[in-house]
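Notes follow the structure.
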Amino acid sequence: MSEFADKLSLTLQTLRRIEAEFSPAVFASSLAAEDMVLTDLILKNQLNIEIFSLQTGRLHAETLGMIDQVKTHYGKDISLFLPEENAVNDYVRQYGLNAFYDSVDLRKECCRIRKVEPLNRALAGKAAWITGQRKAQAATRTELAIQEDDVAHGMQKFNPLADWSEDDVWHYIRSNEVPYNPLHDKGYPSIGCEPCTRAIQAGEDVRAGRWWWENPESKECGLHVVDGKLIRIRAVSAAAE
């Protein structure tokens, strides 16, 4: 497991550098497996990095249960950011509760209201933010770097697990007895809002269950997109030289 040990060491090194050089920094957790790995690393090492989650109003009960799991296991609270109530009500009134099934544009508008706008509030005044994204998760993430220049938010964005495999994630979770979303045991490797996520079949891509009615190229919610494109700038190894 020397290769994994090297990855883990680099990840912790990255998190410590974020704490030291990019304060205040925040970690955007979806409460899925990758994010629980980062939660464990941040809290066990008592890093001064705030953890928050976007409570979209359409999450699975199992996902919401992870908020209490973190509190019970680590004795820490996760900050929650909710969508603006008026914006949600206007969308539902104009298009319908589940209009995101009708077109990519309506789905992205729902994501904007429930995820992107709350994220903008969560990132206000911060120097950097952290995600649990990995290169192997989707075709849209193959160029993912550990450190990126987030021009949309005017800050640095870090993906400390960019080079981790699915096996790496679960090796860490099981070796460290990290609590995780029970939906992962029911065929959900990637978990978003309940109406937009399904279990996958054997051999499917790990994100096949996200917005499964759309083409793979459109399967981003807008949290990691600028002008319709994923922006990948520089790796942390280059930035640290």
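The model shown is predicted, which means the values in this text are computed figures rather than measured ones.
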> Has the side chain of Ser53 got a donor or acceptor atom that lies under 3.5 Å from a matching backbone atom of Ser29?
Replying inline: yes

> Is the side chain of Asn159 donor-acceptor paired with the backbone N or O of Ala145 at a distance under 3.5 Å, no angle test?
Replying inline: yes

> Does Asp150 offer a backbone N or O that forms a donor-acceptor pair with the side chain of Glu148 under 3.5 Å?
Replying inline: no

> Could you walk me through whether Asp90 and Arg93 pass the salt bridge (charged side-chain N to carboxylate O under 4.0 Å, His left out) check?
Replying inline: CA-CA 5 Å; Asp90 288 346; Arg93 182 166 51 250; 2.3 Å; yes

>> If you define the side chain from C-beta out and look only at heavy atoms, does anything of Pro179 sit under 4.5 Å from Met36?
In response: yes

> Shortest non-hydrogen contact from Arg17 to Phe22?
Replying inline: NH1-CE1, 3.6 Å

> Do the non-hydrogen side-chain atoms of Thr131 and Glu34 ever get within less than 4.5 Å of each other?
Replying inline: no

>> Taking Asp163's backbone N and O only, do any of them form a donor-acceptor pair with Lys7's side chain (distance below 3.5 Å, no angle check)?
In response: yes

> Applying the 4.5 Å side-chain criterion to the ILVMFWY set and letting contacts propagate, would Tyr188 and Val37 be lumped into a single cluster?
Replying inline: no

>> Would the distance check show the side chain of Arg114 and the main-chain N or O of Thr56 forming a donor-acceptor pair, the cut-off being under 3.5 Å?
In response: yes

> If you measure only the distance, is there a donor-acceptor pair under 3.5 Å linking the side chains of Asp168 and Ser165?
Replying inline: yes

> Do Phe158 and Leu15 come within less than 4.5 Å of each other through their side chains, counting heavy atoms only?
Replying inline: no

> Under 3.5 Å, is there a donor-acceptor pair between the side chain of Glu19 and the main chain of Asn48?
Replying inline: yes

>> Membership question, hydrophobic clusters at under 4.5 Å side-chain separation (ILVMFWY): are Val70 and Leu183 in the same one?
In response: no

> Is the count of non-hydrogen atoms from other residues, nucleotides or ligands lying under 6.0 Å from Lys76 atom NZ greater than 12?
Replying inline: no

> Can you find a pair of side-chain heavy atoms, one from Leu43 and one from Thr39, that are under 4.5 Å apart?
Replying inline: yes

>> Are Phe52 and Phe81, when compared by the centres of their aromatic rings, separated by less than 6.0 Å?
In response: yes

> How many angstroms lie between CG in Asp105 and CZ in Arg112, if you round to the nearest 0.5 Å?
Replying inline: 12.5 Å

>> What I want to check is whether the side chains of Tyr74 and Asp40 have a donor and an acceptor closer together than 3.5 Å.
In response: yes

> With a 3.5 Å cut-off and no angle check, do the side chains of Trp212 and Thr197 form a donor-acceptor pair?
Replying inline: no

>> For the residue pair Arg58 / Asn98, report whether a side-chain donor-acceptor contact shorter than 3.5 Å exists.
In response: yes

>> Quick one, Asp149 and Val151 - any side-chain contact, counting heavy atoms below 4.5 Å?
In response: yes

>> Please check this pair: side chain of Asp35 against backbone of Ser30, looking for a donor-acceptor N/O pair closer than 3.5 Å.
In response: yes

> Do Glu166 and Arg134 pass the side-chain contact (heavy atoms from CB on, under 4.5 Å) test, and can you show the C-alpha distance, the side-chain angles, and the key distance before you say yes or no?
Replying inline: CA-CA 9 Å; Glu166 186 87 357; Arg134 296 186 296 108; 2.6 Å; yes

> Which of parallel (below 30°), tilted (30 to 60°) and perpendicular (above 60°) describes Tyr172 and Phe4?
Replying inline: tilted

>> Which heavy atom of Leu38 sits nearest to which heavy atom of Pro160, and what is that distance?
In response: CD2-CB, 4.1 Å

>> So for atom OH, which belongs to Tyr95, do other residues, nucleotides or ligands contribute more than 12 heavy atoms lying within a distance under 6.0 Å?
In response: no

> When you look at Tyr180 and Asp185, which way does the side-chain contact (heavy atoms from CB on, under 4.5 Å) test go after all the steps?
Replying inline: CA-CA 9 Å; Tyr180 64 88; Asp185 292 332; 2.9 Å; yes

> What heavy-atom pair brings Pro195 and Tyr101 nearest, and what distance separates the two atoms?
Replying inline: O-OH, 2.5 Å

> Is there a path from Ile173 to Ile42 through hydrophobic residues (I, L, V, M, F, W, Y) whose side chains come within less than 4.5 Å of each other?
Replying inline: yes

>> Checking Phe100 against Trp211 for the ring-ring contact (aromatic ring centres under 6.0 Å, His included) test, could you report, in this order, the C-alpha distance in whole Å, the side-chain angles of both residues, the deciding distance, and whether it holds?
In response: CA-CA 9 Å; Phe100 41 79; Trp211 308 298; over 10 Å; no

>> Using only atom types and a distance under 3.5 Å, with no angle test, would you say the side chain of Ser175 pairs donor to acceptor with the backbone of His171?
In response: yes

> Going through the checks in order, is the side-chain contact (heavy atoms from CB on, under 4.5 Å) test met by Glu194 and Glu62?
Replying inline: CA-CA 10 Å; Glu194 184 172 15; Glu62 292 89 342; over 6 Å; no

> Could you state the interatomic distance from OH (Tyr91) to CD1 (Ile113), rounded to the nearest 0.5 Å?
Replying inline: 7.0 Å

> Can you find a heavy atom in the side chain of Thr11 that is under 4.5 Å from one in the side chain of Ile146?
Replying inline: no

> Hey, are the side chains of Thr63 and Asn181 touching, using non-hydrogen atoms and a 4.5 Å cut-off?
Replying inline: yes

>> Any non-hydrogen side-chain atom of Leu10 less than 4.5 Å from a side-chain atom of Asp6?
In response: no

> Distance-only, no hydrogens or angles: does the Asn176 side chain make a donor-acceptor pair with backbone N or O of Val178 under 3.5 Å?
Replying inline: no

> If you take all heavy atoms of Leu31 and Ile67, which pair is closest and at what distance?
Replying inline: CD1-CG1, 3.8 Å

>> Checking Arg16 against Glu21 for the salt bridge (charged side-chain N to carboxylate O under 4.0 Å, His left out) test, could you report, in this order, the C-alpha distance in whole Å, the side-chain angles of both residues, the deciding distance, and whether it holds?
In response: CA-CA 9 Å; Arg16 292 192 186 281; Glu21 300 179 13; over 6 Å; no

> What pair of heavy atoms forms the shortest contact from Leu106 to Asp102, and how long is it?
Replying inline: CD1-CB, 4.1 Å

> Run the side-chain contact (heavy atoms from CB on, under 4.5 Å) check on Arg121 and Glu84 step by step: do they pass?
Replying inline: CA-CA 11 Å; Arg121 282 187 273 119; Glu84 295 288 350; 3.6 Å; yes

>> Quick check for you: to the nearest 0.5 Å, what is the distance between Gln69 atom CD and Met66 atom CE?
In response: 5.5 Å

>> To the closest 0.5 Å, what do you measure between CG (Leu47) and OG (Ser23)?
In response: 11.5 Å

> In Å and rounded to the nearest 0.5 Å, what is the CD1 to CH2 distance from Ile18 to Trp129?
Replying inline: 12.0 Å

> Can you name the nearest heavy-atom pair linking Ile191 to His184, along with the distance?
Replying inline: CD1-CE1, 3.5 Å

